[in-house]
Number of protein chains: 4
Amino acid sequence: MSRDAAPAIEATVDSHRPAGRPRDQATDAAILQAAIELLAEAGLRKTTIDAVAARAGVARATVYLRWPTRDALLAAAARQALGQPIYPLTGDFATDLATGARRARTALAQPLFRAIFPELARGLLTSSPAAVYDEIAPNRQRLAAELIAAPEAAGFRDDVDPTLPFDLIIGATLNHLLATGDTPSEADTARMVEVVVDGLRRRA
Amino acid sequence: MSRDAAPAIEATVDSHRPAGRPRDQATDAAILQAAIELLAEAGLRKTTIDAVAARAGVARATVYLRWPTRDALLAAAARQALGQPIYPLTGDFATDLATGARRARTALAQPLFRAIFPELARGLLTSSPAAVYDEIAPNRQRLAAELIAAPEAAGFRDDVDPTLPFDLIIGATLNHLLATGDTPSEADTARMVEVVVDGLRRRA
Amino acid sequence: MSRDAAPAIEATVDSHRPAGRPRDQATDAAILQAAIELLAEAGLRKTTIDAVAARAGVARATVYLRWPTRDALLAAAARQALGQPIYPLTGDFATDLATGARRARTALAQPLFRAIFPELARGLLTSSPAAVYDEIAPNRQRLAAELIAAPEAAGFRDDVDPTLPFDLIIGATLNHLLATGDTPSEADTARMVEVVVDGLRRRA
Amino acid sequence: MSRDAAPAIEATVDSHRPAGRPRDQATDAAILQAAIELLAEAGLRKTTIDAVAARAGVARATVYLRWPTRDALLAAAARQALGQPIYPLTGDFATDLATGARRARTALAQPLFRAIFPELARGLLTSSPAAVYDEIAPNRQRLAAELIAAPEAAGFRDDVDPTLPFDLIIGATLNHLLATGDTPSEADTARMVEVVVDGLRRRA
DNA sequence: TCCTAACCGAGACGGTACGTCCCGTCTTTCA
DNA sequence: TGAAAGACGGGACGTACCGTCTCGGTTAGGA
């Protein structure tokens, strides 16, 4: 949101604020925060608009000014809560993939993730997913770009989808969670990265 | 749930049929069928008990005689709809893994899967997942067993979780679906299997 | 509504009670009673569907099973509360008109009437009034009939609308209430009847 | 409230006009006009502050600068719309009563009256009615005064409430409207006046 | 001519009630 | 006892208003 770009000269022209009382930015945050807390504490079912509004100290109508439906609010909360920070890439693909794997493992292990994931999946599968997914997990595209560009890439197969490594790592972690109720151990995660990196190498 | 009772010999002793009119087995099927169709056509939200009962030509109370809650019914429908058939293993791990990848790709591409998956995930993440997951995808355990036992295994790393290959394949397919809205192409799926199998190989 | 006509012989045929659990008659009464009490105690504004349901010890949805909107419920309550009992006519028009005047005076003096009247008027002015009005005040038609038929009528003008006496008496009482906040005194009411009866008499 | 102040001499003292921009008188009128039109066209329910403000081309807050509540606005609109003009009295009571009856008949026949009356009645029955009623229908008091003062009065009963004739005429017209949905015919109105005037006459 | 208080448009906001929809249970009749 | 039908308690949803508030901008007078 580079909305407050504030160009130097034409400021008065460009930033014609809309008429009427401006929305309180803090309210947006309070509502999202309340929704995220409720999701983590009470689960999807009890994360009611009423409950969110009450916890945020806000009127129900105020929530509906910002998100048109409960689903939209939940999706926004999910994005906010699960959005992975961009971490600095070292330039070494294997290292960066391992970092991503560790971070994903940690994120998926949170109770919050368990509570939110179904709603998140629903959102991804019913609307245009690409944009939203990349918003949550921007590293998918960044690692794909690195795989193509990195010098190390010389040793890797160049006929595979560049997002494949990320999909394998994150997907396997997710599937392990769905199948067993828990994320893989740290050691297993490390070995998984080895397997994927080895698998990518060009064969003699 | 003595649902799988009724062995031939001890019938009179063990399954002293409860008094009164017996339940119509066909009704069970009709309800599940209706639920699956509604999920595929109208989505999770519109798959209400009322709608399912109406489509099955059955009273609402009749549904509640069989499943205690809407969630239970939806979970049953998901299992019924997505349950992967057990396919014969050839004994060659790479081949069998490729077969599983192709089948998964097909299953996940169905609109039905998109509709059901969130509910399925919810069920897996809130109850004990293991039992249920293996019911839907029994091949996870079978492939893990094969990886251990297969003669070919001699060439593979033996320090990784035997379910890892399955988790990588299925997980990557799932993650690709969530991220892009579509399953990977058939060629990409094939290459993905190669990467995983290569990655498993013992290094020199 | 001669719906419960109950013919002797064909009882089983005619009164095929509708399928399903029958509505509890007592619930109808409890809801109306609660509405009437609330109207009298708290006024139109506070007679909420929620409040009525709570006082009747009933779920909100149960109210909506019987009346489609709040207005419909209020109209029903008004009819129920203000419905004037049919009193026996003596055959002497002047006497019967005086009786009607006294009863009307008493009815309009109740706080309940003040609370209900606006809603009642709204109902009368927006739907077909005749049927409803006669349901509340059946004596309007009965007195009109008596005016035509009574032997005494010989001395009265026969060119006026037979409902005129009733309209004059009730209307004047109502207008006095609207203008002053109170019904006329008992003595004024008596004199008012005299004026109307005298006015009806044929002039020499 | 001190709206009708402004005596000539003390002008500078009493009406020290408040500082700041004065209110636009035209806005008052536009709002009332919009309210009246909406009442006539769409009814009580749809005459919301929002709708009135929109039609008057005015902000909602501007309405609240003038009337504290919706009810107050509606009451003002009702007074404005239904306020009967003072007509010149001829001095002949029977003639003046007949004039009043004709005017009332015309006023009550308007769709506007049907729409406003419930709200008007609510206002009259919940606040102090006398002042308000006389504001709308000043002729009630004027006719009562005439009845007492008029020379013709010699022939009339002097033991009845002087507002009785007015109440009878207006009340009967109103009651006829409530009962049948329409005002009495012009001929019926004329006969009604005869009945009332005859009834008032002193008996031999 | 500038100042200042009030007006005015626009819309956020806390509330409250509405009418709808669904859940899971209960009550009736019939087979 | 199964099953159809529908009443019922309960609760969340999304909408529509109400009356208050907070912005920005305007506009008449008085200093």
Side-chain angles (χ1 to χ4, degrees), chain A residues 16-24 27 45-51 53-54 57-72, chain B residues 17-24 27 45-51 53 57-73, chain C residues 16-24 27 45-51 53-54 57-72, chain D residues 16-24 27 45-51 53-54 57-73:
Chain A
H16 61 297
R17 59 141 72 232
R21 177 172 169 180
R23 283 198 192 154
D24 189 341
T27 300
R45 258 9 193 285
K46 303 206 169 171
T47 304
T48 311
I49 296 274
D50 251 313
V58 143
R60 230 151 52 81
T62 301
V63 178
Y64 281 106
L65 275 181
R66 284 147 221 270
W67 296 275
T69 65
R70 177 180 179 261
D71 284 352
Chain B
R17 48 150 62 246
R21 175 172 166 186
R23 276 188 201 160
D24 187 344
T27 302
R45 255 9 192 285
K46 302 207 169 169
T47 305
T48 66
I49 298 276
D50 252 312
V58 144
R60 234 147 43 81
T62 302
V63 177
Y64 281 104
L65 281 177
R66 283 149 225 269
W67 295 274
T69 66
R70 175 179 180 262
D71 284 352
L73 170 60
Chain C
H16 61 298
R17 59 144 66 237
R21 176 173 169 180
R23 284 198 192 153
D24 188 343
T27 300
R45 258 7 195 287
K46 303 205 170 171
T47 304
T48 311
I49 295 275
D50 251 312
V58 143
R60 232 152 51 83
T62 301
V63 177
Y64 281 106
L65 276 181
R66 284 147 223 268
W67 295 276
T69 66
R70 177 180 179 260
D71 284 351
Chain D
H16 61 297
R17 52 153 58 249
R21 174 177 170 182
R23 276 189 201 155
D24 187 344
T27 302
R45 255 9 192 283
K46 303 207 168 168
T47 305
T48 65
I49 297 276
D50 252 311
V58 142
R60 235 148 42 80
T62 302
V63 178
Y64 281 105
L65 280 178
R66 290 158 164 78
W67 295 274
T69 66
R70 176 180 180 260
D71 284 352
L73 170 60

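Chain letters run A, B, ... following the sequence lines, proteins first and then strands; every chain starts at 1.
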Could you give the [atom1]-to-[atom2] distance, from [X] to [N], as a whole number of Å?
X       : N      : atom1 : atom2 : value
B/Leu65 : F/dA5  : CG    : C1'   : 14 Å
C/Lys46 : E/dA17 : NZ    : P     : 9 Å
D/Ile49 : E/dG15 : CD1   : P     : 21 Å
B/Trp67 : E/dT25 : CH2   : C1'   : 19 Å

Open item on the list: Once you apply a heavy-atom cut-off of 4.0 Å, does B/Arg45 come out as touching a base, just sugar-phosphate, or nothing?
Closed with: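 Here B/Arg45 touches no strand at all.
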Open item on the list: Is the shortest side-chain heavy-atom distance between B/Arg66 and B/Val58 below 4.5 Å?
Closed with: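 A side-chain contact under 4.5 Å is absent here.
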Open item on the list: Minimum heavy-atom separation for D/Arg45 and D/Arg70, please, with both atom names.
Closed with: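 Taking D/Arg45 first and D/Arg70 second, the nearest heavy atoms are O-NH2, 4.3 Å.
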So which nucleotide from [options] ends up closest to the side chain of [X]?
X       : options               : answer
C/Thr48 : E/dC8, E/dC18, F/dA28 : E/dC18
D/Thr62 : E/dC8, F/dG10, F/dA4  : E/dC8
D/Tyr64 : F/dA3, F/dC18, F/dG29 : F/dC18
C/Thr69 : E/dG24, E/dG19, E/dC8 : E/dG19

- [ ] Indicate whether OP1 or OP2 belonging to F/dT20 is found under 4.0 Å from a side-chain N or O atom of D/Arg70.
- [x]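 Checking F/dT20 against D/Arg70, no side-chain N or O comes under 4.0 Å of OP1 or OP2.
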TODO: On DNA chain E, check which nucleotide each of C/Asp50 and A/Ala59 is closest to and give me the residue with the more 5' one.
DONE: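 Nearer the 5' end of the strand: A/Ala59.
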Task: Comparing D/Ala61 and C/Arg60 on DNA chain E - which has the more 5′ nearest nucleotide - done: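 The residue closer to the strand's 5' end, by nearest nucleotide, is D/Ala61.
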TODO: Go through the N and O atoms of the side chain of A/Arg21 and the base of F/dC23, and report whether any donor-acceptor pair is under 3.5 Å.
DONE: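 Flag unset: no donor-acceptor pair detected.
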TODO: For C/Val58 and for A/Thr47, locate the closest nucleotide of DNA chain F by heavy-atom distance; then report the residue assigned to the nucleotide nearer the 5' terminus.
DONE: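 Here C/Val58 is the residue nearer the 5' end.
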Open item on the list: Rounded to the nearest 0.5 Å, what separates atom OG1 in D/Thr69 from atom CD1 in D/Ile49?
Closed with: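 Rounded to the nearest 0.5 Å, the OG1-CD1 separation comes out at 7.5 Å.
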- [ ] For the pair A/Thr48 (side chain) and A/Ala51 (backbone), establish whether a donor and an acceptor sit closer than 3.5 Å, ignoring hydrogens and angles.
- [x]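 Flag not set: sc A/Thr48 to bb A/Ala51 has no pair under 3.5 Å.
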